[in-house]
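So the structure is just underneath, and the comments pick up after that.
Lettering follows sequence order; numbering is per chain, from 1.
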Amino acid sequence: MTARSQSANAPARSRRKPATAAAAAPAAAGDDTFAARLLAWFDVSGRHDLPWQHPRSPYRVWLSEIMLQQTQVKTAAPYFERFVARLPDLPALAAAEQDTVLGLWSGLGYYARARNLHAAAKLCVERHGGELPRDLDALTALPGIGRSTAAAILSQAWGDRHAILDGNVKRVLARYHGIDGFPGLPAVEKRLWALAESHLPPARMTDYTQAQMDLGATVCTRADPACILCPLQNDCVARVHGRTAELPVPKPGKAVPQRHAQVLWLLDRSGRVLLQRRPPTGIWAALWTLPQHEDDEQAERWFETHLDGEYADGEALAPIAHAFSHYKLELQPRRWRAVALRARVGDNDGLRWFAREELAELGIPAPIRKLIEAAG
DNA sequence: AACTCGGGGTG
DNA sequence: CACCCAGAGTT
């Protein structure tokens, strides 16, 4: 039975339940429509013609999973074709010379994968009659096969009910459930495993496993995900809260500190904006920018001494995230319209009103320019 | 928990 | 150029 024939009767099943009518309830673990929606999407938009799907055999599934570790489909596919043409089954691999195996792997990288693959094939001949064992622990005991790869092999090759947790699934789940924290951290990973287990459908595991990877690879991509096409968009926490760009939390590089600042966007009655020249040293040295303060209290004190008007009238706008090499800065802008400087305040503070047409000539930090030149 | 393995794609 | 990718093994 092929993947195509297995999924052919799925639309009829999913039509019975109006999966698209799922309410915008918070994403919860347990009995939900996560898998049903994903499978319905997979039937229409999933990838059904990958090389290792036709024919689908335990050996080919295994080889594909190893090749796809930290490697994209487009890169691995030609290597896969060449490999199975030369070594079409597990006994052939076990009997091959190591140079042959490494030669077929040449250019793919992570060559320990090839050595482990070869050693595992020999172990299968010794221990399991020349076949891959249909058992999670026995598979995990083989070199190069961890928990996720073992689960992927069992579900893809035999339809057994095991959760996977690769980079795609981590990304989908971190966004869908709004999981903060780098997914590589053991505590976060443990939680993601539990969530992955909680969504397992009662059947169609072969398609479900492929569907998760397809969604992550083609819709829920790392950058610029196509949420409009996603079957999980209604109750995806990251989608609903506009946090798809923040989740999953990226691998911590060298723990750059996060700083915050208040930014005052002040407009006078003719629509001119008040800019302040920054000090000659430090970040954004000597550039023109919006008056900036470390916290709300300092910002209010500065406002009271420099401006006529009510600080509380300021409209809080969406925060702006900006990254430097050595720290991250979150700017919290507030906007006032039709305010005026106090009479005694002159240019001695490096303060000036600028008309909109004058901004193009000025040195203004990019995030600030983006803010104040935005339409509106 | 941090490090290592790697070539390729991407902004 | 920096970062990430259908992870797993070692220290």
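- For Gln72(A), counting side-chain heavy atoms from C-beta on, the closest listed nucleotide (dC4(C), dG9(B), dA1(B)) is dG9(B).
- Trp336(A) contributes a side-chain N or O that, together with a main-chain N or O of Glu310(A), makes up a donor-acceptor pair within less than 3.5 Å.
- Residue Pro186(A) places its side chain closer to dA1(B) than to any other of dG6(B), dG8(B), dA1(B).
- Considering only side-chain atoms of Thr149(A), the nucleotide from dG9(C), dG7(C), dC5(C) that sits closest is dG7(C).
- The separation of dG6(B) from dT10(C), taken at their P atoms, amounts to 14 Å, rounded to a whole angstrom.
- The residue Trp52(A) sits close to a base: some heavy atom pair falls under 4.0 Å.
- Remark: the backbone N or O of Val61(A) is paired with a side-chain donor or acceptor of Ser64(A) at under 3.5 angstrom.
- One interatomic measurement links the two molecules: CG of Asp224(A) to P of dC4(C), which rounds to 17 Å at whole-angstrom precision.
- For the residue pair Thr206(A)/Arg56(A), the side-chain donor-acceptor check at 3.5 Å is not satisfied.
- Checking dG6(B), dC5(C), dC4(C) against the side-chain heavy atoms of Tyr111(A) singles out dG6(B) as nearest.
- For the pair Gln70(A) CD and dA8(C) P, the computed distance is 9 Å after rounding to whole Å.
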Exercise for the section: Toss me the dot-bracket line for DNA chain B: Watson-Crick and G-U wobble, both under 3.5 Å, 5' to 3', using | for pairs to another strand and [ ] for crossers. Expected result: |||||.|||||
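- A straight line from CZ of Phe182(A) to C1' of dC4(C) spans 11 Å, rounded to a whole angstrom.
- No engagement by Ile164(A) is indicated, since no non-hydrogen atom pair under 4.0 Å with the nucleic acid exists.
- The separation between Gln69(A) atom CD and dA8(C) atom C1' is 6 Å, rounded to whole Å.
- Counted by atom type alone, Arg171(A) and Asn168(A) present one or more donor-acceptor pairs between their side chains at under 3.5 Å.
- Across the protein-nucleic acid pair, Ile153(A) atom CD1 and dG7(C) atom P stand 13 Å apart, rounded to whole Å.
- When heavy atoms are screened at a 4.0 angstrom cut-off, Arg171(A) is found touching the sugar-phosphate backbone but no base atom.
- You'll find a donor-acceptor pair under 3.5 Å spanning the side chain of Thr71(A) and the base of dG6(B), going by distance alone.
- Side chain of His306(A) to main chain of Trp302(A): a donor-acceptor pair is present (N/O by atom type, distance under 3.5 Å, no hydrogens or angles).
- Residues Tyr110(A) and Trp105(A) keep their aromatic ring centres 6.0 Å or farther apart.
- Atoms CZ (Arg222(A)) and P (dT10(B)) sit 11 Å apart, rounded to a whole Å.
- Counting any heavy atom pair closer than 4.0 Å across all strands shown, Leu142(A) reaches sugar-phosphate atoms only and no base atom.
- To the nearest angstrom, C1' of dC3(B) lies 9 Å from NZ of Lys251(A).
- As judged by a 4.0 angstrom heavy-atom cut-off over every strand, Gln210(A) is placed among the base-contacting residues.
- Each of dG6(B), dC4(C), dA8(C) was ranked by its minimum atom distance to the side chain of Ser148(A); first place goes to dA8(C).
- Atom-to-atom, OH of Tyr110(A) to C1' of dG8(B) comes out at 12 Å; the value is rounded to the nearest Å.
- No donor-acceptor pair closer than 3.5 Å links the side chain of Arg161(A) to the backbone N or O of Met205(A).
- Residues Leu192(A) and Pro183(A) share a closest heavy-atom pair of CD1-CB, 3.8 Å.
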